[in-house]
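Data first, discussion second: the structure below is written as structure tokens.
Residues take their numbers from the sequence shown, with the count starting at 1.
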Amino acid sequence: QARLEESGGGSVQTGGSLRLSCGASTYSSMTNCFGWFRQAPGKGREGVASFYTGSGIPWYTDSVKGRFTISHDSAKGVTYLEMDNLKPDDTAMYYCAHDRGCGAWYGSGRLSSRGIWGQGLQVTVSA
């Protein structure tokens with residue numbers, strides 16, 4: 001089974017930038033959606049950004065539009081999340097995920113039986 005390896009978390013001040021990376025040694029040809037979730041202390045998991053290979057169109061939750069950019073390098077099997085103009089409300093554990101489709105990102109936060117989670121990265125934004 002594919003494993004997801006994440007890197008790039010850390011601590012920054014308000015207005016700073018971070019880039020998260022998520023690599024997979026291998027993944028199923030049925031995997032069409034690549035992206036990131038986050039979970040802040042005391043809150044539920046929310047979809048942050050996803051990339052669906054079928055359309056090539058990225059999706060972002062409203063609170064990060066214009067600040068975050070997701071990209072996927074299929075040749076390298078790496079998904080990136082460039083996070084600019086970070087705010088304290090962005091503080092959370094960020095989780096990379098792969099799945100057949102992107103439905104989990106839009107509401108439930110639950111991947112399908114073929115979905116895979118990364119271990120999570122802490123991102124802390126100080127005021």
Which residue pairs satisfy the salt bridge (charged side-chain N to carboxylate O under 4.0 Å, His left out) criterion with at least one member in residues 42-57, sequence neighbours excluded?
-> Arg38-Glu46

Can you find a pair of side-chain heavy atoms, one from Leu86 and one from Phe68, that are under 4.5 Å apart?
-> yes

Are the side chains of Thr79 and Trp36 in touch, meaning some heavy atoms are under 4.5 Å apart?
-> yes

Pairwise distance CD(Glu82) to OG(Ser21) - rounded to 0.5 angstrom = 9.0 Å

Here the salt bridge (charged side-chain N to carboxylate O under 4.0 Å, His left out) pairs for residues 47-62, sequence neighbours left out, are Asp62-Lys65

Check whether any side-chain N or O of Trp105 sits under 3.5 Å from a backbone N or O of Ala49 as a donor-acceptor pair, and report yes or no.
-> yes

Please assess Tyr106 against Trp59 for the test ring pair (Phe, Tyr, Trp, His ring centres under 6.0 Å), listing each intermediate value before the final yes or no.
-> CA-CA 9 Å; Tyr106 309 148; Trp59 170 89; 5.2 Å; yes

Please answer whether the main-chain N or O of Ile70 pairs with a side-chain N or O of Tyr60 as donor and acceptor at a distance below 3.5 Å.
-> yes

Working to the nearest 0.5 Å, report the span between CG of Leu121 and OG of Ser7.
-> 7.0 Å

Within the distance-only criterion (no hydrogens, no angle test), does the side chain of Thr91 pair as donor or acceptor with the backbone N or O of Val125 below 3.5 angstrom?
-> yes

When the ring planes of Phe34 and His98 are compared, do they come out parallel, tilted or perpendicular, using 30° and 60° as the limits?
-> perpendicular

Do Leu111 and Phe37 come within less than 4.5 Å of each other through their side chains, counting heavy atoms only?
-> yes

Val123 vs Met83 side-chain heavy atoms within contact, under 4.5 Å = yes

Glu5 side chain near Gln119 side chain, heavy-atom distance below 4.5 Å | no

List the steps and the verdict of side chain to side chain contact (heavy atoms under 4.5 Å, CB included) for Tyr52 and Ile57.
-> CA-CA 6 Å; Tyr52 184 63; Ile57 298 174; over 6 Å; no

Quick one: salt bridge (Lys or Arg N to Asp or Glu O under 4.0 Å) partners of Arg19, sequence neighbours excluded?
-> none

Who pairs with Ser17 by side chain to side chain donor-acceptor pair (under 3.5 Å), at least two apart in sequence or on another chain?
-> Asp84

Counting only N and O atoms by type, is there a donor-acceptor contact under 3.5 Å from the side chain of Glu6 to the main-chain atoms of Gly120?
-> yes

Asp99 (side chain) donor-acceptor with Ser112 (main chain) under 3.5 angstrom | yes

Short side-chain donor-acceptor distance under 3.5 Å, Thr124 and Gln122 | yes

Quick note, disulfide (SG to SG under 2.5 Å) partners involving residues 98-127, not counting sequence neighbours, are Cys33-Cys102

Look at the side chain of Thr14 and the backbone N and O of Ser126, then say whether any donor-acceptor pair between them is shorter than 3.5 Å.
-> yes

Ile116 CD1 to Leu4 CG distance, which is reported to the nearest 0.5 Å | 5.5 Å

Which pairs with one or both residues in residues 64-97 pass disulfide (SG to SG under 2.5 Å), sequence neighbours excluded?
-> Cys22-Cys96

Verify the cluster assignment for Met93 and Val12: are they in a single hydrophobic cluster under the rule of side-chain heavy atoms below 4.5 Å apart?
-> no

